[in-house]
Amino acid sequence: MVIIMQNKATLLNELQVAAIDPTGVLLIHSSMKALGEIEGGAETVINAFSEYMQNGLLIIPTHTWAPHCNSDNRYDPDTEPACTGILGELFRQCNGVVRSLHPTHSVAALGDDAEAFIAGEEQYDTPCPPNGVWGRLEQCDAQILFLGCPLSKNTFIHSIEEKFNIPLRLSKSFSQYQIKNGAEWISRPMRKHESPCGDISLNYAKLLPVFLQRGAAKQVTIGESISYLCSANQMAAICGEYLIDDPDFFAHANME
């Protein structure tokens with residue numbers, strides 16, 4: 001069996017075949033390992049997506065919620081490594097990329113109105129505020145690409161649960177963070193994800209069959225990965241239906 005190594009040109013073709021809107025907003029959750037062998041590695045992947053989305057807005061999560069991040073609860077967006085994998089870590093360091101000031105759930109963005117899209121994240125005290133970046137994904141009907149990774153990585157649904165004020169999803173206590181904004185440091189209290197049911201996000205993937213059936217998601221192939229391209233607007237609407245019927249819908253793995 002001959003394995004053909006992917007390169008930038010083949011990736012660009014696959015993004016076009018996947019019907020990713022090059023002038024829209026695209027957020028990527030990723031597993032670099034799932035893509036297989038790529039000539040030039042992760043840098044080639046970043047370059048391909050950046051080129052493809054040059055007339056749109058490209059966003060990659062650069063979260064820092066992991067225990068080893070933000071020493072002494074101090075978040076410097078220019079230097080704090082992302083805990084979301086190699087693509088986010090490389091992307092945040094690219095020329096022209098800007099990073100939001102959220103101390104635990106930041107994103108990096110490149111392209112059309114990037115600074116405006118990420119603005120104001122330091123004003124909130126929850127992980128995925130629906131009036132912030134994650135809510136804006138719904139408002140502009142962004143595409144969310146799960147690049148070789150499952151929908152349990154769907155941070156967007158955390159925002160939907162915040163939007164519906166689902167109880168027992170956030171810590172009662174606040175952690176105090178210091179956020180570097182230019183030459184100044186801002187003090188911000190922040191709640192964290194916390195649930196008596198454990199990691200709620202592990203149950204987010206159970207809606208994938210529904211998303212696929214109703215056209216909110218489609219399976220695409222990029223590299224060697226099985227990936228899913230989703231509509232933020234349609235995912236939000238479907239999640240809302242289930243949460244209205246059962247606010248604790250994501251507390252369990254089964255659909256009932």
Side-chain angles (χ1 to χ4, degrees), residues 11 14-21 24-36 45 49 52-53 58-61 63 65 83-88 105 107 127-128 130 133-164 166 168-169 193 195 197-256:
L11 288 174
E14 288 173 342
L15 302 186
Q16 185 175 16
V17 170
I20 294 173
D21 181 1
V25 177
L26 176 69
L27 181 137
I28 305 172
H29 291 289
S30 62
S31 169
M32 183 63 200
K33 182 178 180 180
L35 295 181
V45 178
F49 275 100
Y52 186 86
M53 294 298 299
L58 176 63
I59 304 171
I60 299 181
H63 298 172
W65 43 257
C83 67
T84 48
I86 189 171
L87 291 187
H105 286 70
V107 300
C128 303
V133 164
W134 297 97
R136 291 171 196 148
L137 294 173
E138 178 184 356
Q139 294 164 14
C140 70
D141 194 15
Q143 291 180 302
I144 300 179
L145 176 64
F146 296 87
L147 185 61
C149 65
L151 268 68
S152 58
K153 304 298 183 182
N154 198 346
T155 306
F156 178 64
I157 296 183
H158 281 302
S159 179
I160 301 302
E161 290 202 296
E162 283 196 32
K163 175 183 173 181
F164 280 84
I166 304 301
L168 301 177
R169 294 294 180 265
H193 288 134
S195 169
C197 303
D199 187 353
I200 295 293
S201 65
L202 295 176
N203 300 325
Y204 289 167
K206 69 180 181 178
L207 273 184
L208 176 58
V210 180
F211 291 155
L212 291 168
Q213 180 182 19
R214 295 178 57 177
K218 66 177 181 179
Q219 183 175 313
V220 298
T221 300
I222 299 174
E224 295 180 9
S225 74
I226 295 175
S227 301
Y228 297 95
L229 184 64
C230 306
S231 158
N233 186 279
Q234 293 180 56
M235 282 200 299
I238 293 170
C239 288
E241 292 174 15
Y242 281 90
L243 290 172
I244 289 172
D245 183 62
D246 176 13
D248 228 19
F249 175 72
F250 289 116
H252 39 81
N254 59 305
M255 285 292 291
E256 299 300 327

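In this chain, residues are counted from 1 in sequence order.
To the nearest 0.5 angstrom, Leu151 atom CG is 5.0 Å from Cys230 atom SG. To the nearest 0.5 Å, the span separating CH2 on Trp65 from NE2 on His193 amounts to 10.5 Å. Taken from SG in Cys128 to NE2 in His63, the straight-line distance is 6.5 Å, to the nearest 0.5 Å. How far NE2 of His252 is from CD1 of Ile200: 9.0 Å, rounded to the nearest 0.5 Å. The NZ atom of Lys218 sits 11.5 Å away from atom CG of Leu212, with the distance rounded to the nearest 0.5 Å. Rounding to the nearest 0.5 Å gives a distance of 10.0 Å between CE of Met235 and CG of Asn233.
The minimum heavy-atom distance between Ser30 and Cys149, with the atom names listed, is N-SG, 3.7 Å. Between Ala251 and Asn203, the closest heavy-atom pair is C-ND2, 3.5 Å. Counting all heavy atoms, side chain and backbone alike, Ser227 lies closest to Ser225 at OG-OG, 2.7 Å. When every heavy atom of Lys206 is checked against every heavy atom of Pro209, the shortest pair comes out as O-CD, 3.4 Å. Taking both residues in full, the closest heavy atoms of Asp21 and Gln143 are given as N-OE1, 2.8 Å, listed atom of the first, atom of the second, then distance.
Side-chain contact between Asn154 and Tyr228: absent, with no pair of heavy atoms (C-beta onward) separated by less than 4.5 Å. For the pair Val25/Arg136, no side-chain contact is recorded, criterion being any heavy-atom separation below 4.5 Å from C-beta on. Looking only at side-chain heavy atoms (C-beta outward), Ile20 and Met53 come within less than 4.5 Å of each other. Under the 4.5 Å side-chain criterion, counting only non-hydrogen atoms from C-beta, Pro130 is not in contact with Glu138. With a 4.5 Å cut-off on side-chain heavy atoms, Leu26 and Leu229 count as touching. Looking at Ile28 and Leu58, their side chains come closer than 4.5 Å, going by heavy atoms from C-beta outward. Between Ile222 and Leu145, some side-chain heavy-atom pair lies under the 4.5 Å cut-off. Put simply, the side chain of Ile244 reaches to within 4.5 Å of the side chain of Phe164, judged on heavy atoms.
Of the residues listed (Leu87, Val133, Leu27), the one engaging Pro61 in a side-chain contact (heavy atoms from CB on, under 4.5 Å) is Leu27, and it is the only one.
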List the steps, then state whether side chain to side chain contact (heavy atoms under 4.5 Å, CB included) holds for Phe249 with Met255.
CA-CA 8 Å; Phe249 175 72; Met255 285 292 291; 3.9 Å; yes

Show, in sequence, the C-alpha distance, side-chain angles and deciding distance for Phe250 and Leu207, and conclude whether the side chain to side chain contact (heavy atoms under 4.5 Å, CB included) test is met.
CA-CA 10 Å; Phe250 289 116; Leu207 273 184; 3.7 Å; yes

Given the rule in the side chain to side chain contact (heavy atoms under 4.5 Å, CB included) test, do Phe211 and Cys239 qualify, once you have shown the distances and angles that lead to the verdict?
CA-CA 9 Å; Phe211 291 155; Cys239 288; 4.0 Å; yes

Hey, mind stepping through Ser231 and Asp141 against side chain to side chain contact (heavy atoms under 4.5 Å, CB included) and telling me if it holds?
CA-CA 6 Å; Ser231 158; Asp141 194 15; 2.7 Å; yes

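More than 12 non-hydrogen atoms from other residues, nucleotides or ligands lie less than 6.0 angstrom from CD of Gln219. Within a 6.0 Å sphere centred on NZ of Lys33, other residues, nucleotides and ligands contribute 12 heavy atoms or fewer.
Classification of the His105-His158 ring pair by plane angle, with boundaries at 30° and 60°, yields perpendicular.
Glu161 and Tyr204 share a side-chain donor-acceptor pair at under 3.5 Å.
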